[in-house]
Amino acid sequence: MINHALELARQARGVCPPNPAVGCVLVAPGGQILGEGQTQRTGAAHAEIMALNAAQARGLSVAGATAFVTLEPCAHQGRTGPCCDALIRAGIGKVVASLEDPNPRVAGAGFARLRAAGIEVVVGPGAAASRELNIGFFSRMVRQLPWVRLKVAASLDGKTALDNGTSQWITAEAARTDGHAWRARACAVLTGIGTVLEDDPQLDVRLVATERQPALVVVDSRLETPLAARLFNRERNVLMYTASDDAGKIQALQARGATVIALPEPTPAGPTKVDLAAMLRDLAKREVNELHVEAGHKLNGSLVRTGLVDEFLVYLAPKLIGQGRDMANFGPLSALSEALPLVFHSTQLLGPDLRILARVAGRDTF
């Protein structure tokens, strides 16, 4: 039943951020499924409440039932009430949970409250899958940083565009649609001013169905974003990180609906660049779990060079471009031992293209 709960959690992934994606299945002693549910939008019901409500709607009692849930039931009053208390009131007899909640406000307190009420608690089934499903939430809770995923579409020789900047389209439709699915599950999409000025992108989710648009984060050191840029969208938040203190530009961008955050990098030459590490810490405070990066080779290179990327989502097209723009400009390295070590996490063919998810070695051991 925990696998069924995990599938329910996967269905919540694009809806529930910044909350973790959780699934819950309530099962009678005889094996009948009484109710099931998954995390809803922020501020709405959690998985356990949805499952309890589903059983109640069918007129079924859950007294003595087992709750299979992919994360520890919460024990604190947040946007909603404690789920562990709801399970106790309903008379649940046993809870099988995949993982302890890394949120310091929970962190075992839910399990303790259930056990104090005489409910048997088993922890562990489905743990790896549940953690992977919520790696951004775990990152934010444990590291106080979002999980940073850098997406690139490239030719087989690693070029993301021609020398003149032309990049549409290196990969085929299946890969582009899949890229939008990864946007949809993120809390925010990050790009740089170079991409904004060159491509005037929307960077929203259009090719797959979604109930929410991730926030857009723009690194714009000098506040050069045109006020008519297509990125401004009433359906999402736009966060602009800058090194500028130009009050006129700030006011004009705020009038377009942007939130402007000045986080200059301290340098001897003065504040000319955004402090990218400070930006990530600030995004975590703003409840960003997964940060999906779609930027140019310069910003990509800065993120790689400063060690801020956790994994790479790479779509490789079966074609050669030769001279062109690279995935990320950093280096040069003086020895191969200085290369960034990666681990292939998954590979999949999408139409004619190959999707590779490569993770920085050891980065997911927090």
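For the single chain, residues carry numbers from 1 onward in sequence order. Note that this is a predicted model, so its numbers are computed, not measured.
Classification of E294 and R183 as a salt-bridged pair holds, one side-chain N sitting under 4.0 Å from a carboxylate O. Between E311 and R363 no salt bridge is recorded (no basic side-chain N to carboxylate O distance below 4.0 Å). The pair R206-D204 meets the salt-bridge criterion, with a side-chain N (NZ, NE, NH1 or NH2) lying under 4.0 Å from an Asp/Glu carboxylate O.
The list of salt bridge (charged side-chain N to carboxylate O under 4.0 Å, His left out) pairs with a residue in residues 8-30, not counting sequence neighbours, reads E7-R10. Applying the side-chain hydrogen bond (donor to acceptor under 3.5 Å, both in side chains) rule to pairs touching residues 121-137 yields E132-H345, E132-R359, sequence neighbours excluded.
When only modelled atom types and interatomic distance are considered, Y241 and D275 share no side-chain donor-acceptor pair under 3.5 Å. Judged by distance alone, the side chains of S334 and E338 do bring a donor and an acceptor atom under 3.5 Å apart. With hydrogens and angles left out, the side-chain atoms of D163 and Q323 include a donor and acceptor closer than 3.5 Å. Looking only at atom types and distance, the side chain of T39 has no donor-acceptor partner in the side chain of N19 under 3.5 Å away.
In this structure, R143 is positioned above the aromatic face of F366, its NZ or CZ under 6.0 Å from the six-membered ring centre and within 45° of the axis.
Hydrophobic clustering, with ILVMFWY side chains joined whenever heavy atoms are under 4.5 angstrom apart, groups L71 together with W147. In the hydrophobic cluster analysis, where Ile, Leu, Val, Met, Phe, Trp and Tyr join through side-chain heavy atoms closer than 4.5 angstrom, M50 is grouped apart from I33. Using a 4.5 Å cut-off between side-chain heavy atoms of Ile, Leu, Val, Met, Phe, Trp and Tyr, with links allowed through other members, L239 and L276 fall into the same hydrophobic cluster.
Nearest heavy atoms, G37 versus A51: N-CB, 3.9 Å.
Think of I321 as one node in a network of Ile, Leu, Val, Met, Phe, Trp and Tyr side chains linked at under 4.5 Å; its network also takes in L162, I170.
Side-chain atoms of R355 never come within 3.5 Å of backbone atoms of L313 as a donor-acceptor pair (strictly under, hydrogens ignored). Side-chain atoms of T160 never come within 3.5 Å of backbone atoms of A154 as a donor-acceptor pair (strictly under, hydrogens ignored).
Remark: of the listed residues E287, E290, R212, R212 is the sole one forming a side-chain contact (heavy atoms from CB on, under 4.5 Å) with P17.
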(message) Test salt bridge (Lys or Arg N to Asp or Glu O under 4.0 Å) on R115 and E72; report intermediate values, then the result.
(response) CA-CA 12 Å; R115 290 185 175 112; E72 175 184 8; over 6 Å; no
